[in-house]
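Just so we're on the same page: letters track the sequence lines, and every chain starts at 1. Computed from heavy atoms alone, side chains included, the values below leave out hydrogens, waters and symmetry copies.
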Amino acid sequence: MKKIRVLIAKPGLDGHDRGAKVVARALRDRGFEVVYTGLHQTPEQIAATAVQEGVDAVGLSILSGSHGTLVPRVLDEIKERAGTMIPVFVGGIIPQEDIAPLKEAGVAEVFTPGTTTAQIADAISDIVKKG
Amino acid sequence: MDDLIAKALQKDSLALGRLSRILDDSEEGWERVLEELYPLGGKAHIVGVTGPPGAGKSTLVSCIVSEVRKSGRTSAVLAVDPTSPYSGGAILGDRIRMQSHATDPGVFIRSLATRGHIGGLSKSIRSLVVLLDAAGFDMIILETVGVGQEEVEIRGQAHTTIYVTVPGLGDGIQAMKAGILEIADIYLVNKADLKYANVTVKDLQTMLAMSENEKLWSPPVLTSVASEGEGVSELVVYVNDHWEHINKGGVLQEWRHWAAGQSVREVLRDAVGSGVGELMEERSEELSDDIEKVSNREVDPGSVARKWLSKVKFDV
């Protein structure tokens, strides 16, 4: 079976990566190949990495409240560099009322606190398999 | 596919990323990609960086890329991390140390998982080197997984092998042992600001001095503090010197012939292995009847294997 490759990235200045690491580890244990780039990534770095690594999906972890600014910029950069859209997932502290605008902007799914890692893995693998 | 190949030859990172995936996953058409690209390569300087986990290989690779870029040359990196034997998944984290190069169009970085391959690299690394070499990168750096004593596969892949170690991992006897410590062209003691770095340097120098082989190139023992960028420009001077050295006097020609032999043998072995694997999967019920006979001591394993070997179809 083809391996699912995912990029897990933390955009912006938020320095808390425990959540991103937990998700990366859980996806590894589900048989995914997880490219992890660490903290403080710019939208350009994230998009360039997604393209070079040929990933099936990108997961962004944002706890700082800056998702409204950062996510659209990451989406734009990916669209520009990849030509098409690579599915983008967002996880972190995202207020309920911000979820719909993020999805409208093109985010495949938003995971808020309380989501299990199994749910995240299932959601990613469903969307990747749909192509 | 022709379009992808044409773009990859212009170092287009989207095309390179896509083709890397095709080659790494053996997706449909991967053989043709290699047929087209192989004749175009042979120009890049391929540098291997190996050593134990946590020695600072990724940080060092990032520093080498910076030096190479300063001199106006382009560089590609293939960084290998281990696949879990349980889930088949992997955390590919070498890039963390290299992200300052992520948006540089003269640099292409690709992470790879070993996917069960033994030897410190991935099975696909040979194919990816063909791709990046054809694309015209001046230097291709291969970072192995963190290795122990015996992962010497890098020797057949890289023109110049750097063995990175750190102080405090063992005494002079460790340095005398066979295996990975014999194969490097450059030895580097990283984290040289740590205690006993000079002892590690001495152990390596003693080991090299005991070598009785008449060598045209005597491997240097260097030091660095990669996190501070210290010692890197000296290292790159030696890397370039080694490349110059093997380009003179037919060493490179000899290496190429030897490495080509390694490639052909490995591809042949792989083809046989996957031919056998497919057959066993296709006719698993019939095979399990034979296994039952072996289990009951009616027949020995060798006789069953000989019977099945004649049914294998090889598809290279």
Side-chain angles (χ1 to χ4, degrees), chain A residues 1-11 17 20-59 74 77-86 117-118 121 124-125 128 131, chain B residues 3-4 7-8 11-28 58-59 62 76-105 107-116 122 124 128 131-132:
Chain A
M1 201 187 68
K2 207 180 145 181
K3 297 251 192 246
I4 297 177
R5 269 175 86 87
V6 187
L7 168 66
I8 299 290
K10 280 201 67 75
D17 59 355
K21 283 176 177 163
V22 167
V23 170
R25 169 65 202 260
L27 296 179
R28 183 203 89 173
D29 290 343
R30 279 283 294 260
F32 291 30
E33 287 182 356
V34 185
V35 180
Y36 184 63
T37 50
L39 297 167
H40 307 144
Q41 299 293 298
T42 64
E44 292 81 3
Q45 282 176 316
I46 293 170
T49 301
V51 163
Q52 290 180 12
E53 294 287 350
V55 294
D56 300 306
V58 176
V74 173
E77 279 292 330
I78 290 180
K79 245 176 262 166
E80 192 179 317
R81 287 171 192 259
T84 54
M85 203 51 216
I86 301 170
T117 53
I124 294 178
S125 117
V128 169
Chain B
D3 187 40
L4 268 184
K7 283 184 175 155
K11 297 192 184 67
D12 176 273
S13 57
L14 185 59
L16 289 171
R18 193 63 209 103
L19 286 171
S20 299
R21 192 79 198 267
I22 290 172
L23 294 173
D24 195 24
D25 290 358
S26 310
E27 276 178 39
E28 207 189 318
S58 303
T59 307
S62 186
V77 176
L78 295 172
V80 188
D81 265 329
T83 292
S84 161
Y86 299 111
S87 70
I91 299 279
L92 308 174
D94 290 327
R95 274 195 90 104
I96 296 176
R97 315 278 176 223
M98 307 177 193
Q99 280 303 78
S100 58
H101 304 293
T103 55
D104 179 347
V107 177
F108 181 85
I109 302 170
R110 179 62 154 74
S111 314
L112 293 162
T114 54
R115 298 188 179 174
S122 80
S124 60
L128 271 91
L131 169 68
L132 298 170

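Minimum interatomic distance between Thr103(B) and Ala48(A) (heavy atoms only, all atoms of both residues): CG2-CB, 4.1 Å. Heavy-atom minimum distance, Arg110(B) versus Gln52(A): CD-O, 3.4 Å. The minimum heavy-atom distance between Ala102(B) and Gln45(A), with the atom names listed, is CB-CG, 4.1 Å. For Ser87(B) against Arg30(A), the heavy-atom pair with the smallest separation is CB-N, 4.4 Å.
Counting non-hydrogen atoms of neighbouring residues, nucleotides and ligands closer than 6.0 angstrom, the NZ atom of Lys7(B) reaches no more than 12 such neighbours.
How far CD1 of Ile96(B) is from CD of Gln41(A): 9.0 Å, rounded to the nearest 0.5 Å. Note that the CD atom of Glu33(A) and the CZ atom of Arg115(B) stand 4.0 Å from one another [nearest 0.5 Å]. Rounding to the nearest 0.5 angstrom, the gap separating the CZ atom in Arg81(A) from the CG atom in Asp12(B) is 11.5 Å. Note that the OG1 atom of Thr37(A) and the CD1 atom of Ile109(B) stand 11.0 Å from one another [nearest 0.5 Å].
The candidate from Val55(A), Val51(A), Leu7(A) with the greatest count of non-hydrogen atom pairs under 4.5 Å with chain B is Val51(A). Of the listed residues (Gly88(B), Ser20(B), Ala90(B)), the one with the most heavy-atom contacts under 4.5 Å to chain A is Ala90(B). Looking only at heavy-atom pairs under 4.5 Å with chain B, the residue among Val35(A), Ile4(A), Thr49(A) that has the most is Thr49(A).
Annotation: salt bridge (Lys or Arg N to Asp or Glu O under 4.0 Å) contacts involving residues 79-88 of chain B, sequence neighbours excluded, are absent.
In this view, Glu27(B) and Lys2(A), Arg18(B), Arg21(B), Ile22(B), Asp25(B) satisfy the side chain to side chain contact (heavy atoms under 4.5 Å, CB included) rule, not counting sequence neighbours.
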